[in-house]
Asks: 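First the structure, which I've put down as structure tokens, then a few questions once you've had a look.
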Amino acid sequence: MRRPPCRGDRPLLSHLALDDEALSFTAPPEDADRVVDLLLGGRRIWSFRVSATEPDPSGEAHRRRLPWPRPLRPYLTGTGTIGLRPIDGGPDVLTAAARFGDADQPLRFDDRHGIGLVINKFGRIGHALADYDPGMVQRLLDNLDRIRAALAEQRPDLPVYVMSGTLLGPYRDGRIMPHDDDADLGYLSPHTHPADVVREAFQLGRILRAAGFEALRASAGHVQVHFSHEGRPDAYVDLFTGFIDEESWWQHTFAIRLQARRDQVVPTITIDVEGRPEPAPREPELMLEANYGPGWKVPDPSYRFDIPRSVQDRFWGWFSDYGMDRTMWEDFYRYDIEGARVPLGSAPSDYARWLADRIPAGARVLELGAGRGHDALWLAGQGFDVEALDYVRWPMRAAAQTAEDQGAGVRFRVLNLYDLRRVITLGAEMAARREPLVVYARGLLGNYWDIGRPILLRGLSMLLRSGGQAHLDVPRSSLMPQPGTGIPMHRAVAVEMLRAEMAPYGLRIDEVHDADEVVEHTPWETGTDPLPTTRMVVTWQRPVR
Amino acid sequence: MAATGAVKRLVRAPAKAFRKALFPDYEVVLRDIRLAFDSLEAAHQGIADLQVENAALRARLDEAHLRLDEDHGRLDEALPRLTDGLLEERRLNLRIAELTDLVTEVVLPLHDRDIDPQRLQRLAADTL
């Protein structure tokens, strides 16, 4: 890509400076539209547009300032080299020596497997394909082809095609974009009604799981298929749902809504993706413009999605979100190096100790939202019959492995409390045992989005049918009440509101106890500050009809 | 008085002749001036009528504004309810799909041993 005309070869960006809070540099106003890579030791870790920076508080002419992205901050310790490199290939590449804190260790932004991390297009920590081993792209495309083959075997009628980043890069130049982090497939459903489209999507998810894939439902219109390579997580493949409704609106996760005829989408055409033929929508430019705007032809690693409200509302209503903050929680456990160093089961919470003193010896305990599994493992060590679940996958697997190694007898499983079908099935499964159950959920309700609460309460009403109690706590202060920050939500929940919501399900709050508990290794960097909570004891009574 | 009248009658004709010689369009101008005065009077009347009409229209406009403000208020009040209703309506599609899936994938397979095929076969062709 050429630099803007009439700028000559005069360096434009200059005077890079770093401190603990931000980086700053000088850029004339003509540079506002330039996109710049942020480099750590010469490796791209983020991209931003100059216009997205703020004027430097010094007031110096053309001086710009950019606070370090919040997810990056915990990693800013040690020494290294920070650089800025305009993606237009301009000569004004800047570098500066960096020192954060007193440590002399090399400045690193890597995962525990040594694979470089980036700040992705959602402002969160992620991976870029360029930072994996050289075989990553071909491996990813092999996986993508395996998924297509599995779908074609069971649904030969279903048109499946590459889309989003896997269409954008290859349609421009035949190459997967190095800053992309996954591969994207979509399909066009034959159905026109959202309920039918969703039922079919569930069926497709099951087809993938039956074929041996680790398929994870992100929404009713989006399945992620995860892979591992040499014992570590590999790049994943998204499968997005599309349909054309009776008014000819083409609706497609993620995230398209425009009027189109079916013959503009299918039959698919073939495009070259890194040397292999892959199916693409019949009019790729229609999809690319809907996804990336009219500027899609020009590479822009700093691009961020701006999805119209009309699209957000529809997809939220029809497809919901089965993950909510799951990616953030998985990332938190994945990248919280300090928390991972604490031996599992060795750090029970005050709440778990409090609970152990109050419930019958050897009681059956089901922990919801078990996180790393510290409390579940510790409770099992106290002689309780413990089962624990959470929607974060790596911690559940690690905890299950620890339980097996320790002979602890705790059963850990991945279960998503936003998934009505799984929660009802769990309720039926537990109720069928016809034994009293202690349900324990520490720190769940403060992180649990409103949309899931009816599902959780229905589940509780089933779990407690044979007697027992639910022990739940809620925060009395909010640490992260706003969504969209890249940090999991944490907010106060009013006990009286819960009391009113529980009543229709036959749930009753019998006791409340205020507590102040220190919880270390949280996404909110609370350190040793105590968190004020209210602990509730809930029972089920048959509702009066 | 009679003498004055006589003098006037005496000079009227010469004066008229003199005026006609000096200002031949006098009569026409005089008529136009009268017409102009009539027009002015009519215009004044028109303005007065328009002012009355304007006042009436202003009153109607104020009333319409008032009604519009009330409608806006009602709309502002109704919009969140309509938006919530629309969202709920969209979510019902998902709920139907989830529950149908649950019934077909979990409930029916679990209970198929309790199903009496003969009883099902006795059902009418159409649901009633």
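Scope of the values below: all heavy atoms of this structure, side chains included, with no hydrogens, waters or symmetry mates.
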Asks: Between Leu99(B) and chain A, with a heavy-atom cut-off of 4.5 Å, which part of the residue counts as in contact: side chain, backbone, both or neither?
Replies: side chain
Asks: For chain A, find its close neighbours in residues 64-91 of chain B: heavy-atom separation under 4.5 Å, sorted by number, or none.
Replies: Leu87(B), Arg90(B), Arg91(B)
Asks: Among side-chain atoms of Glu200(A) and Ser189(A), is any donor-acceptor pair under 3.5 angstrom?
Replies: yes
Asks: Pick one of side chain, backbone, both or neither for Gln203(A), based on which atoms fall under 4.5 Å of a heavy atom in chain B.
Replies: side chain
Asks: With side chain to side chain contact (heavy atoms under 4.5 Å, CB included) as the test, pick out the partner of Leu368(A) among Val423(A), Leu444(A), Asp390(A).
Replies: Leu444(A)
Asks: Would you call Arg421(A) and Glu105(B) a salt bridge, using N to O less than 4.0 angstrom?
Replies: no
Asks: Tell me the residues of residues 9-45 of chain B whose non-hydrogen atoms fall below 4.5 Å from those of chain A, in number order.
Replies: none
Asks: Could you check Leu102(B), Thr104(B), Thr100(B), Asp101(B) and say which one makes a side chain to side chain contact (heavy atoms under 4.5 Å, CB included) with Phe202(A)?
Replies: Asp101(B)
Asks: Mind checking whether His191(A) and Phe243(A) have ring centres under 6.0 Å apart?
Replies: no
Asks: Could Glu429(A) and Arg434(A) be called an ion pair, given the rule that one side-chain N must be under 4.0 Å from one carboxylate O?
Replies: no
Asks: Can a side-chain donor-acceptor contact be found between Asp325(A) and Trp449(A) if the only test is distance below 3.5 angstrom?
Replies: yes
Asks: Between Tyr448(A) and Tyr418(A), is the gap from one ring center to the other below 6.0 Å?
Replies: yes
Asks: Please check if atom CZ in Arg257(A) has more than 12 non-hydrogen atoms from other residues, nucleotides or ligands closer than 6.0 Å.
Replies: yes
Asks: For chain B, find which of Asp313(A), Leu420(A), Thr425(A), Val198(A) contributes the most heavy-atom pairs closer than 4.5 angstrom.
Replies: Leu420(A)
Asks: Looking at CG of Leu437(A) and CD of Glu387(A), how far apart are the two atoms once the value is rounded to the nearest 0.5 Å?
Replies: 9.0 Å
Asks: Picking from Ile96(B), Leu92(B), Leu94(B), which has the most non-hydrogen pairs under 4.5 angstrom with chain A?
Replies: Leu94(B)
Asks: Quick check: closest heavy atoms across Leu151(A) and Val160(A), and the distance to 0.1 Å?
Replies: CD1-CG2, 4.2 Å
Asks: Using a 6.0 Å cut-off, check whether atom CZ of Arg60(B) has over 12 heavy atoms from anything other than its own residue.
Replies: no
Asks: Which bit of Arg314(A) comes within less than 4.5 Å of chain B, counting heavy atoms only: side chain, backbone, both or neither?
Replies: both
